[in-house]
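All remarks here apply to the structure that follows.
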Amino acid sequence: MDTQSQPAKTIFLPIIGLFVFVSSLLWLFKPQLDGNGINTTVLLAGNVFLFVLFMISTWLQRNAMMDKSTQIFLRNVYGGILLKLFGGATAAFIYIYIARDNVNKPALFGTMFLYMLYTIIELRVVLKKTKSS
C-alpha cells in the first residue's frame, strides 16, 4: 500500500497515543511524583513540548516519504532531526536559565526519557511505513 493513500491519522496516532498515555500517568501519579521531589509541571510541559516537536517531525518524515525527489527527502528528514535537536536543547537551556538554582533534575531527566520514548515511537512508525511502501 502506498504511503500517499494511507490516511495521515495512522501515522500520527501512535504519537498522539503516547502523549495521552504519558499525560494521564502524570496526572494520575502527580501526588506520588511530587512527594518524591519530581516536578510534574516540568514533566507535563516537557511532554507537551516534545509532542509538538515530534508531530512536526513526523509530518516532515511523512512528506519526505511521499516525495520522489531525493533532495526534498533529505531536506525533510534532516530538517526533522535538526528541529528535535535544537528545539530540545533550546527548551532545556531556557528552563535551566529560568530556574537557575531550582532546576528539578529528576524532571529534566524524566523529560529526556520521554524524548527517547517519542524517538522510538517515531522510528517504529517511519520504518513500518517505509516497509509497506
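Any value given below was found using the heavy atoms of this structure, including those in side chains, with hydrogens, waters and symmetry copies removed.
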According to a 4.5 Å side-chain heavy-atom criterion applied to Ile, Leu, Val, Met, Phe, Trp and Tyr, with indirect links allowed, do [X] and [Y] form part of one hydrophobic cluster?
X	Y	result
F113	L18	yes
L108	L44	no
V42	Y97	no
I94	L114	no
F49	V103	no

Item to check | Check against side-chain contact (heavy atoms from CB on, under 4.5 Å), Y115 and L50 | outcome: CA-CA 7 Å; Y115 181 91; L50 290 173; 3.6 Å; yes
If I take atom [atom1] from residue [X] and atom [atom2] from residue [Y], how far apart are they, to the nearest 0.5 angstrom?
X	Y	atom1	atom2	value
K30	L28	NZ	CG	12.5 Å
N76	M65	CG	CE	10.5 Å
D34	L26	CG	CG	10.0 Å
F73	Q61	CZ	CD	7.0 Å
K105	I96	NZ	CD1	9.5 Å
T90	L85	OG1	CG	8.5 Å

Next on the checklist: Quick one, R75 with Y78, criterion side-chain hydrogen bond (donor to acceptor under 3.5 Å, both in side chains). Give me CA distance, side-chain angles, the key distance, then yes/no.
Outcome noted: CA-CA 5 Å; R75 183 185 67 200; Y78 286 130; over 6 Å; no
Item to check | Minimal non-hydrogen separation, L43 against G110, with atom names | outcome: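 Nearest heavy atoms, L43 then G110: CD2-C, 3.7 Å.
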Item to check | Nearest heavy atoms of G37 and P106, plus distance in Å | outcome: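 Closest heavy-atom pair between G37 and P106: O-CG, 4.1 Å.
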Next on the checklist: Is there a side-chain contact (heavy atoms from CB on, under 4.5 Å) between Y95 and N104? Walk through the geometry before answering.
Outcome noted: CA-CA 10 Å; Y95 168 66; N104 188 270; 3.5 Å; yes
Next on the checklist: Any side-chain to backbone donor/acceptor pair from N36 onto I38? Under 3.5 Å, distance only.
Outcome noted: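 Not a single qualifying donor-acceptor pair exists.
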Checklist entry - Counting only N and O atoms by type, is there a donor-acceptor contact under 3.5 Å from the side chain of D67 to the main-chain atoms of I72? => result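 It does not hold such a pair.
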Item to check | Evaluation steps, side-chain contact (heavy atoms from CB on, under 4.5 Å), between F21 and L25 | outcome: CA-CA 6 Å; F21 179 72; L25 284 179; 3.4 Å; yes
Please report, to 0.1 Å, the donor-acceptor pairs under 3.5 Å made by any side chain of residues 51-60, with sequence neighbours excluded.
unit_1	atom_1	unit_2	atom_2	d
S57	OG	E122	OE2	2.6
T58	OG1	F54	O	2.7

Next on the checklist: Under a 3.5 Å threshold, yes or no: a donor from one side chain and an acceptor from the other, between N47 and Y118?
Outcome noted: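 On atom types as modelled, these side chains qualify, holding a pair under 3.5 Å.
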Item to check | Neighbour count >12 (heavy atoms, 6.0 Å) for atom CD, Q71 | outcome: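 Open: at most 12 neighbouring heavy atoms sit under 6.0 Å from CD of Q71.
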